[in-house]
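Remarks on the structure that follows.
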Amino acid sequence: MPETKIIRVLPANLLRGEFHLPGDKSISHRSAMFAAIGDGQSRLKNYSSARDCQSTLDCLEKLGIRIGREPGLITIEGAGIDGIKAASGILDAGNSGSTIRMLSGILAGQAFTTEITGDESIQRRPMKRIIDPLTLMGARIEAREGNFAPLKISGGDLKAIEYTPPVASAQVKSSVLLAGLFAEGKTTVIEKTPTRNHTEVMLRECGAAIEIDKVSAGERISVTGRQPLRALGDYTVAGDLSSAAFFIVAALITKNSRLKLQHIGINPSRTALIDVLKQMGGRIEIADSRLAHGEGVADIIAESSDLKGDIDLSGALIANLIDEIPILAVAATQLHGTLRIREAGELRVKESDRIRAIVDNLRKMGIEIDEFDDGLRIAGPQKLRGARIESFDDHRIAMAFAVAGLIADGETEIHGAEAASVSLPEFFEILNGIRN
Ligand code: S3P
């Protein structure tokens, strides 16, 4: 077990700065996986420093992929669609749901058996959501209680399927589409609610035949199997909007603050948080937006704001901002109005039970908050009080409550602060550099 780190956060007078963030976690995982099964070399710049994304690289190395790691540059020699080799040992996804779920799609396509597992949190998270479709495609998967890691995946000889995931999940969609690359024929995923589309964007970048059609509120995404994929070549990963979210909210709720975050991904399947914060009166400017490798990027400027309004979030919006709900809840404590979130039960099966973690920690900081099975309700503004916070070994909880500490009375102690490195190892260093 890594040691538990306690970080103390004191109130800030202001936040000022302009900076870049490491690459988007979701895009980084995908770039490494597509580079591994593409033909040729990929040179990934601004690849995420997140521990999760290092787990993906470690797993791919165990599957025979040659990876060069230099500061600021990951070089991957693509093995091609038939080039993955049987692993010498058990693959370790660490804390990363994206690694285990998406890589399982690739492993389902291999004519050998692979065992993949992860840390305690990963071993509690539901895997049936990928086991079901991958089994329908012909893979044999053993799992504890049919649902939990370790997973033992015997693959190969897959058949294409048409599949409608019962949960809105980009990891499930991506797992099935990745498996589809190894199946004969056309594999289709029907999404009732759209989720982040980085896999589809990257499939296009790799020259894959992919079809996307609108169906009622969602989409039908098809990919043809057994086709060669181009490597990504020189590819710069856009800065991580989900990491930027902590700094954006920090700037909005801290007095006399202005932060500029450069070259951040603004794929519309990820920007609902920005829309919601703007709806609350958040002063956020999206500047110099451009397209890079099929993904939108921009500079984001956020300034101290008076937040107001009554906001009700549910339905299709939830998948778009699911990772940002912990920091949105912190913002809501400063809202002149009410934030109500429903139909977000997925939060209970993230790195921690995030509804519990948010409610417990906000209550410790003196906030009145209602907890629902599938969401929460906060009426603001309320004064935050410094308290002893538990990260529950969850990176987004550690970072969200460090931001809360910036405007709390007294000192906030984040126990298990090291969890931040799962997505942004530089978080506390950046925070110290921009505060006064
Ligand atoms: C991710 C999808 C989401 C998100 C996670 C990353 C991805 O998970 O919460 O942080 O990269 O596809 P689900 O697919 O479980 O919703």
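First listed ligand is number 1; within each ligand, the first listed atom is number 1.
Among the atoms of A170, some N or O lies under 3.5 angstrom from an N or O of ligand 1. Note: an N/O pair closer than 3.5 Å links S26 and ligand 1 by distance alone. Here's the thing with S169: one of its N/O atoms is less than 3.5 angstrom from an N/O atom of ligand 1. Considering backbone and side-chain N/O of R125, none are found under 3.5 Å from N/O of ligand 1. Geometrically, ligand 1 and E346 share no nitrogen or oxygen pair separated by less than 3.5 Å.
Residue S42 holds its OG atom at 10.5 Å from OH of Y235, rounded to the nearest 0.5 Å.
When heavy-atom distances to ligand 1 are checked against a 4.0 Å cut-off, H198 has no atom that comes that close, whether in backbone or side chain.
For atom 16 (O) of ligand 1, the nearest non-hydrogen atom of the protein is K350 NZ, 3.4 Å. Considering only non-hydrogen protein atoms, atom 10 (O) of ligand 1 sits nearest to D323 OD2, 2.8 Å.
The closest approach between any non-hydrogen atom of M102 and ligand 1 is not below 4.0 Å. At a 4.0 Å cut-off, at least one heavy atom of R30 sits close enough to ligand 1 to count as contact. Heavy atoms of S98 come nearer than 4.0 angstrom to ligand 1 in at least one pair.
Remark: the K173 side chain and the T195 side chain contain an N/O donor-acceptor pair separated by less than 3.5 Å. Side-chain contact of S26 with R196: a donor-acceptor pair under 3.5 Å is present, judged by distance alone.
Considering only non-hydrogen atoms, atom 6 (C) of ligand 1 lies nearest to Q171 out of H29, R129, Q171.
Atoms of ligand 1 lying under 4.0 Å from any heavy atom of R101, numbered from 1 in the order shown and given with element: 15 (O). Distances below 4.0 Å separate heavy atoms of I322 from the following atoms of ligand 1: 9 (O).
Just one residue in the list E162, E200, E191 forms a salt bridge (Lys or Arg N to Asp or Glu O under 4.0 Å) with R220, and that residue is E162. Here the options are R354, R342, R340, R348, the test is salt bridge (Lys or Arg N to Asp or Glu O under 4.0 Å), and the partner is E371; only R348 passes.
Aromatic rings of F427 and F247 (six-membered ring for Trp) have centroids within the 6.0 Å cut-off, being under it.
Counting non-hydrogen atoms of other residues, nucleotides and ligands closer than 6.0 Å to CG of D288 gives a total above 12.
Listed for the S174 side chain is no donor-acceptor partner under 3.5 Å among the backbone atoms of Q171.
By the 30° and 60° cut-offs, the orientation of the rings of H20 relative to H263 is tilted.
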